[in-house]
Amino acid sequence: MRRRIIAGNWKMNKTPTEAVALCELLKDLVKNDAVDVVYCVPAIDIIPVVNAVKGTNVQVGAEDISFEDKGAFTGQISAEMLVDAGVKYAIMGHSERREYNHETNEDVNKKVLKALENGITPIMCCGESLAQREQGITIDWIRQQVKVGFQGVTAEQAAKSVIAYEPIWAIGTGLTATAEQAEEVCKAIRDCIAEIYGTDTAEKIRIQYGGSMNAKNAAELLAQPDIDGGLIGGAALKADFGQIVNA
Ligand code: PGA
């Protein structure tokens, strides 16, 4: 039985002061020992949020990670720094970073490897655009993102990883994939992992759906056999997040 994982992706929202206030607001609402609850927060909020959630069931994640170890990489944050600050998860390959920061599947792969090497659980994002869905290449595209993203990752590491399926057309648009659409792709991701590593690993890896998940649609999406959790943007910034955790 795979443990559910509900992660918030705060994106570029919340000052450190506001972040602590949000942790306070959500504290009792996200209580649930049967689920992994993660707040992936802006880098500047990591330390205050780690402190704010001490003693609760919440773990803290980063929204990105450098694939370099250290040195002359202005503005980047290394895995070692994240670990020292108390980070347990890191998002990589989010479609917004692929688009605005021109991250490739190869970059994402290096980030996945760097996270795993340092004991950080990767939440590797994949997802198709509306054009790709209309061209009928969704599954091919996702398989490519997964296969390149997991190059050099061992079966043991893959089993501990998280993949987030986030159709780009559903992110921040209020347009959610139907439970059938989401399940179809999440199952295809699990099948792809099974092809690479075998069914044992495929049964262990956790696959999230993301894209306008909210308090209303979460239960139906999370009831799908291959959807093990959610990566939540907008709805992670309000009390609704507690309802999603408990859906
Ligand atoms: P959304 O964002 O829930 O606001 O659509 C999800 C994400 O980008 O991770």
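Whatever order the structure lists them in is the order used to number ligands and atoms, beginning at 1. Remember, it's a predicted structure, so these values are computed and weren't measured experimentally.
- In summary, the atoms of ligand 1 found under 4.0 Å from a heavy atom of Gly211, numbered by their order in the structure, are 5 (O).
- At a cut-off of 3.5 Å, with distance as the only test, a side-chain donor of Glu128 or Tyr165 sits close to an acceptor on the other residue.
- If you number the atoms of ligand 1 from 1 as listed, the ones under 4.0 Å from a heavy atom of Glu166 come out as 6 (C), 7 (C), 8 (O), 9 (O).
- Hydrophobic clustering (ILVMFWY, side-chain heavy atoms < 4.5 Å, transitive): Val108 and Val162 are in distinct clusters.
- Close contacts between ligand 1 and His94 involve ligand atoms 7 (C), 8 (O), 9 (O) [criterion: under 4.0 Å to a heavy atom].
- Just one of Arg3, Arg190, Lys204 meets the salt bridge (charged side-chain N to carboxylate O under 4.0 Å, His left out) condition when paired with Asp228; it is Arg190.
- Asn105 and Arg98 share a side-chain donor-acceptor pair at under 3.5 Å.
- With respect to atom 2 (O) of ligand 1, the closest heavy atom belonging to the protein is Lys11 NZ, 3.3 Å.
- His94 and Glu103 share no side-chain donor-acceptor pair at under 3.5 Å.
- Regarding atom 3 (O) of ligand 1, its nearest protein heavy-atom neighbour is Gly233 N, 2.8 Å.
- The nearest heavy-atom contact from the protein to atom 4 (O) of ligand 1 is Gly234 N, 2.9 Å.
- Under a 4.0 Å heavy-atom criterion, Ala235 is not in contact with ligand 1.
- The contact set between ligand 1 and Ser212, taken as ligand atoms under 4.0 Å from a residue heavy atom, comprises 1 (P), 3 (O), 5 (O).
- Atom numbering of ligand 1 starts at 1 in the shown order; those under 4.0 Å from a heavy atom of Gly172 are 1 (P), 4 (O), 5 (O).
- Closest approach of Gln224 and Ala179 over heavy atoms only: NE2-CB, 3.4 Å.
- Of all the atoms in ligand 1, the ones that sit under 4.0 Å from a non-hydrogen atom of Ala170 are 5 (O).
- Glu68 and Lys114 are not joined by a salt bridge, as no carboxylate oxygen comes within less than 4.0 angstrom of a charged side-chain nitrogen.
- The side-chain contact (heavy atoms from CB on, under 4.5 Å) test with Val112 is passed by exactly one of Val148, Val153, Ile163: Val153.
- Residue Ile171 touches ligand 1 through backbone and side chain together, judged by heavy-atom distances below 4.0 Å.
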